[in-house]
Structure formats: C-alpha cells, structure tokens
Protein chains: 2
Amino acid sequence: MDLAAVVGCCSPLVAEPLTGEQSAELARVFKAMGDPVRLRLLSLIASHAGGEACVCDLTDVFDLTGPTISHHLKVLREAGLISGERRGTWIYYRVQPDVLRRLSAVLVPGEATQNAAVAQ
Amino acid sequence: MDLAAVVGCCSPLVAEPLTGEQSAELARVFKAMGDPVRLRLLSLIASHAGGEACVCDLTDVFDLTGPTISHHLKVLREAGLISGERRGTWIYYRVQPDVLRRLSAVLVPGEATQNAAVAQ
DNA sequence: CCTTTGTATCGACCGTTATCGAATCAAGGA
DNA sequence: TCCTTGATTCGATAACGGTCGATACAAAGG
C-alpha cells in the first residue's frame, strides 16, 4: 500500500494541475471519505480514547448490520486511511494521521508543508 | 447553498466525532472530489492563470465529450467547490478557496483555524 | 471438542452515477 | 435573420456501490 507515498508527492491544487495518475490516486482516498457512514466511522475512530476503537464500539452508532460496517471499514482500510490490528477477541482500528495531513496539504497552499520534506 | 457554512462549523476529525448531519454534508463535498476527472478539473481551475478557467480550456485535457465535462462541473458546482460566471461567449469557473480551507481544517487539528473565527 | 461471540467474506438486489448522442439554449458575427 | 461556436440539458444505457442475509473464520470458554 504505497498510496500514502503518492498522496504525499502532490503539490497543492492551486500550485499546479494534478496529473492523471495523481488525480486517480487522490480520488481513491477522497472517494473513500465520500460516504456519510465512512466519514463518521473515521471521526469515531480518530476521536476515540487512545486513538483507537474496536468494531464493537462502532457498530452500535449506526442502524446498519455488521457486514455493512465491516464493508465500510474495509474501504477505509484499502484507501490507507485506517489500519486494523487484532488483539485477542477484538480488532482495533486507528487512523493513519500522515495520510490525513497530506490530504490537507493538497487542499491548501503553505500549510502542513513538512509534506515537501517527507517527499524528498 | 449553505454548504460552506456547514463545512465551516466542524471541528477536526480527531477532536470529536461528527454528527450524522455533519458527516452527511461533508461527505457530499468529499464525494464530489472522489472522482479522478473532477479532482483534475478542480486542480486545472485552481492552478490556471488568474484563478479561473473557461470550459474550453478544460475539455481538451480529457478524452471525454463536452456533456460529460459539463456534468462533472455541475457536480463540483453543486458541492460548492467551484462557481461559474458567463462573460460574453465563454463561461469561466473558479474555485471557492474557503471551502477548500475548511475541508483542510477538518482533516487536521490546529491548522487553518481561522476557521473558528469565521464560524463565529 | 463444541458452543458462543466478534468480525469478515460472499452473493444478490437495487438505487445511483458516469458516459454518450441528440437536442437545446446563449452569444456573436455574416 | 440565419449560421456558427460554446456550453448545458435530456434520455438512455451500462457499470458501480451500499445494503442485506447467509455463510465462514477466529478466538475464548465450557
């Protein structure tokens, strides 16, 4: 999953146009965030105590079945936005803060530009 | 289109979970950016000289018909990400920088937090 | 073992959406 | 007024994506 690397190599939108490949990779991440359930899952995980949440914490928030939540978590995982780790009975998810930071840097110029340092 | 206002009223993801309504409104914007063509259109407009581009500048970049480009521009427009203005023969599009800045502020804590000032 | 509980995968249904060609509208010249 | 050019809207179609029930897997306890 070198998606994070691709996300990290883009200049801000206003600086120069994205190439076809860059826009394709970035769109995959934004598309993953383009669903209300997934965006809320992301915020629930990100803001949960300890920076992680198990699936059991997430399922009860929604009027959705387990398989559906599992599907959305998979989409977020494959987009590189979260990572999951099994510890005993439960699986804990946590966000990948670097990806969020780099996305933020793509949207606006001048901010979070340790991006440039990482890219080198 | 008070979408920009809704986008502006959200704390960073890591600070507190989004409500159902907040995630729904934010997801509409991220979904609009979740397509390679639209993301590239956005970057072409944002980085074009003068901060604006006419549709004729955008169509030739893609192997897509005019109606398809027009459709994607409409999606971006209805998401509040761009605005169009006709001047004579051509229609010029420009980005709404506030929306991008506020999206960026949702993704990471502490940055672009003139967000809070705007919200008041 | 077998059962229970937590989570993921599979297959199917169905609404949504990206795309096109054709038609339409808007502005400027001949 | 008509024709040309730029851009949108409309209608149709094919592909995608969110949701579910059924099933399968993984860990822990009887």
Side-chain angles (χ1 to χ4, degrees), chain A residues 1 18 20 23-45 48 52-94, chain B residues 1 18 20 23-42 44-45 48 50 52-94:
Chain A
M1 183 67 59
L18 297 168
S23 55
E25 296 290 346
L26 275 173
R28 285 176 52 194
V29 185
F30 283 124
K31 185 187 228 174
M33 292 194 294
D35 180 276
V37 174
R38 286 196 291 267
L39 206 50
R40 205 166 176 206
L41 282 171
L42 197 62
S43 73
L44 286 166
I45 296 169
H48 199 266
E52 63 181 14
C54 85
V55 182
C56 56
D57 295 324
L58 305 171
T59 304
D60 299 340
V61 178
F62 305 90
D63 280 339
L64 295 170
T65 63
T68 298
I69 299 297
S70 192
H71 162 70
H72 286 302
L73 289 172
K74 183 179 185 179
V75 173
L76 290 172
R77 204 181 335 125
E78 291 181 341
L81 286 164
I82 61 173
S83 62
E85 179 201 2
R86 161 159 248 144
R87 288 206 301 275
T89 304
W90 293 281
I91 298 180
Y92 294 88
Y93 281 98
R94 53 175 59 242
Chain B
M1 183 66 58
L18 296 168
S23 55
E25 296 289 347
L26 276 172
R28 284 177 53 196
V29 185
F30 283 125
K31 185 185 215 173
M33 293 195 294
D35 180 277
V37 175
R38 287 198 288 267
L39 204 51
R40 204 166 176 206
L41 283 172
L42 198 63
L44 286 166
I45 296 169
H48 200 266
E52 62 182 12
C54 86
V55 181
C56 56
D57 296 323
L58 304 172
T59 305
D60 298 339
V61 178
F62 305 90
D63 280 339
L64 295 170
T65 63
T68 298
I69 299 297
S70 194
H71 161 70
H72 286 301
L73 288 172
K74 183 179 184 179
V75 173
L76 289 172
R77 204 179 337 124
E78 291 181 340
L81 286 164
I82 61 174
S83 62
E85 178 201 4
R86 162 159 248 144
R87 287 204 302 275
T89 303
W90 293 280
I91 298 180
Y92 294 88
Y93 281 98
R94 55 173 59 243

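All chains are named by letter (A, B, ...) in the order of the sequence lines, taking the proteins before the strands, and each is independently numbered beginning at 1.
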- Item | Within-4.5 Å side-chain heavy-atom neighbours: V75(B) and H71(B) | yes

- Task: Taking the side chain as every heavy atom from C-beta outward, state whether D57(A) and L44(A) have any atom pair closer than 4.5 Å.
- Result: no

- For P36(A) against A24(B), the heavy-atom pair lying closest together: CB-CA, 4.0 Å

- When we call it a touch if two heavy atoms are under 4.0 Å apart, what does R87(B) touch: a base, just sugar-phosphate, or nothing? nothing

- Item | Test log, rule side chain to side chain contact (heavy atoms under 4.5 Å, CB included), inputs R28(A) and E25(A) | CA-CA 5 Å; R28(A) 285 176 52 194; E25(A) 296 290 346; 3.4 Å; yes

- Message: Give me the atom names and distance for the closest heavy-atom approach of L73(B) to I82(B).
- Response: O-CD1, 3.7 Å

- Please determine if R77(B) forms a cation-pi arrangement with Y93(B), meaning its NZ or CZ atom is less than 6.0 Å from the six-membered ring centre and no more than 45° off the ring axis. no

- Note on the structure: Heavy atoms of L39(B) and M33(B) approach each other most closely as CD1-O, 3.7 Å

- Task: Report the residue (D35(A) or L73(B)) whose heavy-atom-nearest nucleotide on DNA chain D is the more 5′ of the two.
- Result: L73(B)

- For the helix from dC1(C)-dG30(D) to dA30(C)-dT1(D), what angle lies between the axis at the first five pairs and the axis at the last five pairs, to 10 degrees? 10°

- Query: First contact, last contact: which nucleotides of DNA chain C are these for chain A, 5' to 3', heavy-atom distance under 4.0 Å?
  - Reply: dG6(C) to dT9(C)

- Task: Looking at every strand, decide which applies to H72(A) at a 4.0 Å heavy-atom threshold: base, sugar-phosphate, or nothing.
- Result: sugar-phosphate

- Note on the structure: Of all heavy-atom pairs linking I45(B) and R94(B), the shortest is CG2-CA, 3.6 Å

- Message: Test your reading of the model: is there a side-chain donor-acceptor pair from R40(A) to the backbone of L18(B), 3.5 Å cut-off?
- Response: yes

- Query: So which heavy atom on A53(B) is nearest to which on L58(B), and how close?
  - Reply: CB-CD2, 4.2 Å

- Query: If you pin T89(A) and V37(B) to their nearest nucleotides in DNA chain C, which one's is more 5'?
  - Reply: T89(A)

- Could you give the start and end, 5' to 3', of the contact zone on DNA chain D for chain A, using atoms under 4.0 Å from its heavy atoms? dG17(D) to dA28(D)

- Message: Taking V55(A)'s backbone N and O only, do any of them form a donor-acceptor pair with T59(A)'s side chain (distance below 3.5 Å, no angle check)?
- Response: yes

- Message: For a quick check of understanding: with a heavy-atom distance under 4.0 Å over all strands, which category does I69(B) fall into, base, sugar-phosphate or nothing?
- Response: nothing

- Query: Hey, does Y93(A) reach any base, or is it just sugar-phosphate, or nothing, if we go heavy atoms under 4.0 Å?
  - Reply: sugar-phosphate

- Quick one: label G66(A) by what it contacts on the DNA or RNA (base, sugar-phosphate, nothing), any heavy atom closer than 4.0 Å. nothing

